[in-house]
Amino acid sequence: MLADLVFRNAQLADQPGPVDIAVRDGRIVAIGANIRCDAVTEEDVDGNFAFPGFVDSHIHLDKACILERCTICAGTLEEAVRETAKAKAGFSEEDVFERASAVVRQAIVHGTTHMRTFVEIDPRAGMRAFEAIKRVRERFKFAIDIQICAFAQEGFTQEPETEGMLDEALRTGADLIGGCPYTDLRPEEHIRRIFALARKHDVDVDFHLDFSLDPKKTDLPAVIEATQANAYGGRVTIGHVTNLSALDPAARSIIARKIAAAGIAVTVLPATDLFLMGRDQQFNIARGVTPAHLMLKDGVRAAIATNNILNPFTPFGDASLMRMANLYANVMQLSRDEDIDAVFHMVGAHAATIKRVPYGLAVGAVADVVILDAQDHRSSVRSGAQTLAGWKAGRKTFVRSRPQLFEPNVG
Ligand SMILES: [Zn+2]
């Protein structure tokens, strides 16, 4: 068999024992036991778990790592938006490029091969952050596919310039549009105009939505209606929807089935939701994380993602989706195999359906391969396994060494 790279002894999710993976011209040409081929490069995976890498369906590269420029007192969503808006006015293109590049490097070594980043475009940010993130997308395409969502974080009906700027971004390299009805004075009009821009440029839509613990305060019916009116099923995602965490299971399930029927996907952002929700409570504080794994059972396409790193929305982070999966499983009190499976898929295969990219180690697929220091995906989520190495389209992008311990001889 003709191949230029072969992985030996890789444990895959759907195989009883380790197999070999042969790669030619960046694509997988064979998967099986003891593949005979003339590959120049052989990589011994040593029975560790191999998969196509993590998919981060929701991250904000432009406002990452600005903690020292902001003051966090209340720890609320309103404060986070306000403090970030102040810092944003001082962003230069180079500043955004450097901070975003550092985060993307972390994401790559943590095994992320696909990402959707939001980029704020408004009179404060100008087009500077957008220009920087386009350069980041180009700079790191050897290791990660980055999708750029032109995002109106601070609404836009009250800031008419923003609409034209989003339009320009969609003409000059943005992949999709993002809205934020809860910061707009006219949420329904905001939703209508976001869809109008999406239709004009034939791009997908991603909303930050219903970011509170009050189920009565909701823009979801308007998003469902607009999705149906624009025949946009399969092309709309909503992030946070923390207010669904405040509903009893039966009520939440009714809404989840409506979301599924409309073809809307959900991304849950545990690190941010845990930090910002329930700030009016002094004890028994609500977790504020919507149970995405239960929404899967109602037919919703759901993912878990990073959202923010080291800023007033989330003063933590390292762009590791393994850490996020482990955090989510712990917060949601999960232990059963089927639930851990769901968590793993929500940072992989399910998240890929949101970005609408093919995903899976199969013959004919692009050879994106990440090796985890674990025997299988379940133990990796439970232990928060480290990555060992990664390839993008058959090109090696990183290695990470195991720590070495020097124990004295005993006995
Ligand atoms: Zn977000």
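Everything numeric here is computed off the predicted structure, so don't read it as measured data. All ligand and atom numbering here is 1-based and tracks the order in the structure.
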- request: Look at the rings of Phe142 and Phe140 and say which category their plane angle falls in: under 30° parallel, 30 to 60° tilted, over 60° perpendicular.
  value: tilted

message: Counting only heavy atoms not in Lys141 (residues, nucleotides, ligands), do more than 12 fall under 6.0 Å from its NZ?
response: no

- line: Contacts of Thr227 meeting side chain to side chain donor-acceptor pair (under 3.5 Å) (sequence neighbours excluded), chain-then-number -> none

- request: Give me the protein N, O or S atoms that fall under 2.8 Å of the Zn ion (ligand 1), sorted by chain and residue number.
  value: His58 NE2, His60 NE2, His208 NE2, Asn307 OD1

task: Apply the side-chain hydrogen bond (donor to acceptor under 3.5 Å, both in side chains) test between Arg116 and each candidate in Asp56, Asp206, Asp204; give the one that qualifies.
output: Asp206

- request: Check salt bridge (charged side-chain N to carboxylate O under 4.0 Å, His left out) between Glu188 and all other residues, then give those that pass, not counting sequence neighbours.
  value: none

- prompt: For Phe275, which residues count as a ring-ring contact (aromatic ring centres under 6.0 Å, His included) partner, sequence neighbours excluded?
  reply: none

